[in-house]
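The first residue in the sequence is number 1, and the count goes up from there.
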Amino acid sequence: MISHHPTRDQIRIENVLSSLGHPMRLAVARALATGGEQNCGSILEGVSKSTMTHHWRVLRDSGVIWQRPSGRENLLSLRREDLDIRYPGLLDAILAGAETDERGGSPASA
């Protein structure tokens, strides 16, 4: 059973920032930003199921992702519309910053 998806009005910026402050959860958000739903087992490879479950819960409870059951798996998707309405530009800025950090450059070199 999937426990908690906050409504759009219940999403709090401190929870979003805290959940995306972990490198593994940020990687999940970046993977989901490509659009559509993805199978939970296909996003983080080489990570134990209990660790993945923990990260899905943090992202779900903070309002960053939707998680829905599909057979024996769960499908994940980014709550982009809700986050963009609640905090315009925040998600794009975080994802762009993560991409810049991965390239090892500064925003000016992007």
Tell me, do [X] and [Y] make a side-chain contact under 4.5 Å, heavy atoms counted?
X	Y	result
L76	W56	yes
H54	T51	no
R68	E37	yes
L78	W66	no

Hey, could you give me the [atom1]/[atom2] distance between [X] and [Y], rounded to the nearest 0.5 Å?
X	Y	atom1	atom2	answer
S70	L75	OG	CG	4.5 Å
S62	H4	OG	NE2	9.5 Å
L90	L83	CG	CG	7.5 Å
R86	R8	CZ	CZ	9.5 Å
I65	Q38	CD1	CD	11.0 Å
C40	E73	SG	CD	4.5 Å

Decide whether [X] and [Y] are clustered together by the hydrophobic rule: side chain heavy atoms of Ile, Leu, Val, Met, Phe, Trp, Tyr closer than 4.5 Å, transitively.
X	Y	value
L17	L95	yes
L26	I13	yes
M24	I94	yes
V58	I11	no
L44	L20	yes

Please tell me whether T53 and S50 have a donor and an acceptor in their side chains that are separated by less than 3.5 angstrom.
no
Would you confirm whether R25, through its side chain, and S19, through its main-chain N or O, come within 3.5 Å as a donor-acceptor pair?
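Checked: pair present.
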Checking salt bridge (charged side-chain N to carboxylate O under 4.0 Å, His left out) for the pair E99/R30: CA distance, chi angles, key distance, verdict?
CA-CA 9 Å; E99 186 175 327; R30 291 182 68 202; 5.0 Å; no
I would like to know whether N39 and N74 meet side chain to side chain contact (heavy atoms under 4.5 Å, CB included); could you show each step before the answer?
CA-CA 6 Å; N39 182 301; N74 287 310; over 6 Å; no
With a sphere of 6.0 Å drawn around CD of E14, does it hold more than 12 non-hydrogen atoms of other residues, nucleotides or ligands?
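Result for CD/E14: enclosed.
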Which pair of heavy atoms, one from R60 and one from Q67, lies closest together, and at what distance?
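That closest heavy-atom pairing would be NH1-OE1, 2.5 Å.
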Salt bridge (charged side-chain N to carboxylate O under 4.0 Å, His left out) evaluation trace for R80 with D92:
CA-CA 9 Å; R80 179 176 282 284; D92 289 333; 2.8 Å; yes
Working note: V64 + R79, criterion side chain to side chain contact (heavy atoms under 4.5 Å, CB included); need CA distance, chi angles, decisive distance, verdict.
CA-CA 5 Å; V64 174; R79 291 183 66 174; over 6 Å; no
